Amino acid sequence: MTSPMFEKIALVGIGLIGSSLARVIHREGLARHVAISTRSETTLARAKELGLGSSYTTDAKEAVRDADLVIVSVPVGSSGEVAEEIAPALKQGAILTDVGSTKASVIAQMQPHVSAGVHFIPGHPLAGTEKSGPDAGFAELFENRWCIFTPLPGTDPAALEKLSEFWRRCGSNIDTMDPQHHDMTLAIVSHLPHIIAYNIVGTADDLESVTKSEVIKYSASGFRDFTRLAASDPTMWRDVCLHNKDAILEMLARFSEDLASLQRAIRWGDGEKLFDLFTRTRAVRRSIIEAGQDIDVPDFGRQAVEHPAKG
Ligand SMILES: NC(=O)C1=CN([C@@H]2O[C@H](COP(=O)(O)OP(=O)(O)OC[C@H]3O[C@@H](n4cnc5c(N)ncnc54)[C@H](O)[C@@H]3O)[C@@H](O)[C@H]2O)C=CC1
Ligand SMILES: O=C(O)C(=O)Cc1ccc(O)cc1
């Protein structure tokens, strides 16, 4: 092994994202010691069975002690309590980061607990699947995906560069932006699609039972794609909705207006309007493919159980 980037990395939370990090850290030899911590004994025992780390504890303080890099990978609503718990045990000069899908709220929850000698750099890998838990992770998850940092004013450039290099070694491309811009952008490209999927699958589920069986029987079409997103972790997505409320409501308002306009076009037989919209949206898909971002969620970890033990 070439010299590892970090002596000790602590992973707090070992679900889809934490366990994918554990796997890629091991594959790339990025740390000499990987300390794993999570809330529940069951999840921790599973992480141990999978051989994801070097040490295992339900005591997050113990895991982060002497760590050079601490990565918090828990639902965004738990970021504050985790930060409060680990902050007193963090080493001076350590880098503390997270992977949460919302950024302004995570910063507001975590920053007050972090002392001046610790480099807190909020992050978000734009990579995931609908699965959760330690079985669901895979080392290739972050390959060719973006990892966005939302650094706080006064962030040490050397610490930011070290964390960027870590994510590059995990396969990601790096971008930085301010937390509000992140939250607005992610509201439209990630949060709304999930909310729309939860909604359409919920509507179908509310239909009469005879229709329901047809929904399942004939779902090998557009509906199926929505059911994948709508199978995503309820705790994680409840927290995203509650912690990016303003941006999501803003985007939902715009979405509802546009949907009403589409409804009007259908009602009044405005074929030209429908055709124009569908032509414009097809071009968006083409741009995504041209940008090399049309990566389907891979099959790695697909065999993972839908409802693994949760911490
Ligand atoms: N699932 C996805 O596709 C993506 C998720 N994210 C973000 O990553 C974070 C983690 O998500 P996943 O790994 O998918 O979730 P997961 O449900 O697979 O894992 C969450 C982990 O956090 C632990 N946990 C929960 N509350 C805790 C607490 N209070 N203290 C300590 N551990 C606790 C659980 O035991 C579990 O190990 C979330 O903030 C999510 O927004 C970011 C990118 C993609
Ligand atoms: O499963 C999918 O298609 C996703 O979109 C995964 C995902 C979920 C949440 C994130 O913050 C980033 C990526």
Side-chain angles (χ1 to χ4, degrees), residues 10-23 36-47 50 52-53 56-61 63-64 70-86 97-103 105-106 109-110 122-138 141-142 145-148 172 182-183 185-197 225-244 293-298 301-302 304-311:
L11 300 175
V12 181
I14 195 71
L16 170 73
I17 301 295
S19 74
S20 295
L21 282 166
R23 288 170 168 101
I36 289 179
S37 160
T38 199
R39 235 179 7 174
S40 93
E41 292 282 2
T42 325
T43 308
L44 195 68
R46 185 62 189 142
L50 292 166
L52 294 176
Y56 304 85
T57 174
T58 51
D59 182 354
K61 290 187 296 304
V64 307
V70 175
I71 309 178
V72 175
S73 310
V74 304
V76 290
S78 298
S79 314
E81 65 191 60
V82 169
E84 185 174 14
E85 188 188 350
I86 64 177
T97 189
D98 78 301
V99 296
S101 303
T102 73
K103 293 275 58 90
S105 160
V106 166
Q109 292 178 69
M110 292 182 73
H124 178 200
L126 304 192
T129 74
E130 73 283 14
K131 300 284 197 312
S132 55
D135 284 275
F138 49 99
L141 178 64
F142 308 110
R145 296 305 185 106
W146 288 103
C147 182
I148 299 177
S172 295
H182 168 278
D183 288 355
T185 307
L186 269 290
I188 188 66
V189 302
S190 176
H191 306 168
L192 236 63
H194 280 82
I195 290 165
I196 292 164
D225 294 350
F226 284 113
T227 63
R228 186 187 73 76
L229 287 182
S232 301
D233 188 71
T235 304
M236 172 186 156
W237 284 99
R238 175 204 63 197
D239 281 9
V240 169
C241 290
L242 297 178
H243 289 270
N244 196 21
Q293 291 294 317
D294 65 321
I295 322 152
D296 280 330
V297 173
R302 278 274 152 147
V305 284
E306 284 289 346
H307 301 290
K310 304 281 302 191

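Just so you know, ligand 1 is whichever comes first in the structure, and atom 1 is the first atom listed for that ligand. What's counted below: heavy atoms across the whole structure, side chains too, no hydrogens, waters or symmetry copies. Just so it is clear, the model here is predicted, and its values are computed rather than measured.
Side-chain contact between Phe142 and Cys147 is absent, with no heavy atoms from C-beta onward closer than 4.5 Å. The closest side-chain heavy-atom distance from Glu41 to Thr58 is below 4.5 Å.
Contacts between Met236 and ligand 1 below 4.0 angstrom, taking non-hydrogen atoms only, involve the side chain exclusively. For Trp237, every heavy-atom contact with ligand 2 shorter than 4.0 Å involves the side chain, none the backbone. Contact annotation for Ala127 and ligand 1: only backbone heavy atoms (N, CA, C, O) come within less than 4.0 Å of the ligand. Counting heavy atoms under 4.0 Å from ligand 2, residue Met236 touches it through the side chain alone. At a heavy-atom cutoff of 4.0 Å, ligand 1 is contacted by the backbone of Thr129 but not by its side chain.
The shortest N/O to N/O separation between Ser101 and ligand 1 falls below 3.5 Å. For Thr38, a nitrogen or oxygen atom sits less than 3.5 Å from a nitrogen or oxygen atom of ligand 1, counting backbone and side chain alike. Residue Lys131 has no nitrogen or oxygen atom sitting less than 3.5 Å from a nitrogen or oxygen atom of ligand 1, judged on distance alone. Taking distance alone, with nitrogen or oxygen atoms compared against 3.5 Å, Val240 stays at or beyond that limit from ligand 1. Taking distance alone, with nitrogen or oxygen atoms compared against 3.5 Å, Gly133 approaches ligand 1 more closely than that limit. For Ser40, no nitrogen or oxygen atom sits less than 3.5 Å from a nitrogen or oxygen atom of ligand 1, counting backbone and side chain alike. Below 3.5 Å of separation, one finds an N or O of Ile14 facing an N or O of ligand 1.
Nearest-heavy-atom check against atom 2 (C) of ligand 1 across Val12, Ile36, Thr43, Leu16 picks out Leu16. The closest non-hydrogen atom to atom 31 (C) of ligand 1, taken over Arg39, His243, Glu85, comes from Arg39. Between atom 22 (O) of ligand 1 and the options Gly123, Gly15, Ser73, the minimum heavy-atom separation is to Ser73. For atom 30 (N) of ligand 1, the candidate residues are Val82, Ile86, Asp233, Thr102; the nearest heavy-atom contact is made by Val82. Summarising the contacts of atom 6 (C) of ligand 2 with Gly100, Gly128, Ser101, the nearest heavy atom is found in Gly128. Scanning Val76, Asp135, Ile71, Val74 for the heavy atom closest to atom 38 (C) of ligand 1 points to Val74.
The two residues Met236 and Ser101 come nearest to each other via the heavy atoms CE-OG, 3.7 Å.
Within ligand 1, counting atoms from 1 as listed, the ones closer than 4.0 Å to a heavy atom of Glu81 are 29 (N). Near Ser132, meaning under 4.0 Å from one of its heavy atoms, ligand 1 places the atoms 16 (P), 17 (O), 18 (O). Each of the following atoms of ligand 2 lies closer than 4.0 Å to a heavy atom of His124: 10 (C), 11 (O), 12 (C). In the vicinity of His194, heavy-atom distances shorter than 4.0 Å reach the ligand 2 atoms 4 (C), 5 (O). Within ligand 1, the atoms closer than 4.0 Å to a non-hydrogen atom of Gly100 are 39 (O), numbered from 1 in the order shown. The Thr129 neighbourhood of ligand 2 comprises atoms 1 (O), 6 (C), with distances under 4.0 Å to a heavy atom of that residue. The contact set between ligand 2 and Arg228, taken as ligand atoms under 4.0 Å from a residue heavy atom, comprises 1 (O), 2 (C), 3 (O). Ligand-side atoms of ligand 1 in range of Val99: 6 (N), 7 (C), 8 (O), 9 (C), 42 (C), range being under 4.0 angstrom from any heavy atom.
Assignment of Leu229 to the shell around ligand 2 is supported, since a heavy atom sits closer than 4.0 Å.
One finds the OG1 atom of Thr185 at 10.0 Å from the CG atom of Leu126 (value rounded to the nearest 0.5 Å).
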- Message: For a side chain to side chain contact (heavy atoms under 4.5 Å, CB included) check, start with the C-alpha distance between Ser105 and Val76, then their side-chain angles and the critical distance, and finish with the verdict.
- Response: CA-CA 8 Å; Ser105 160; Val76 290; 5.7 Å; no
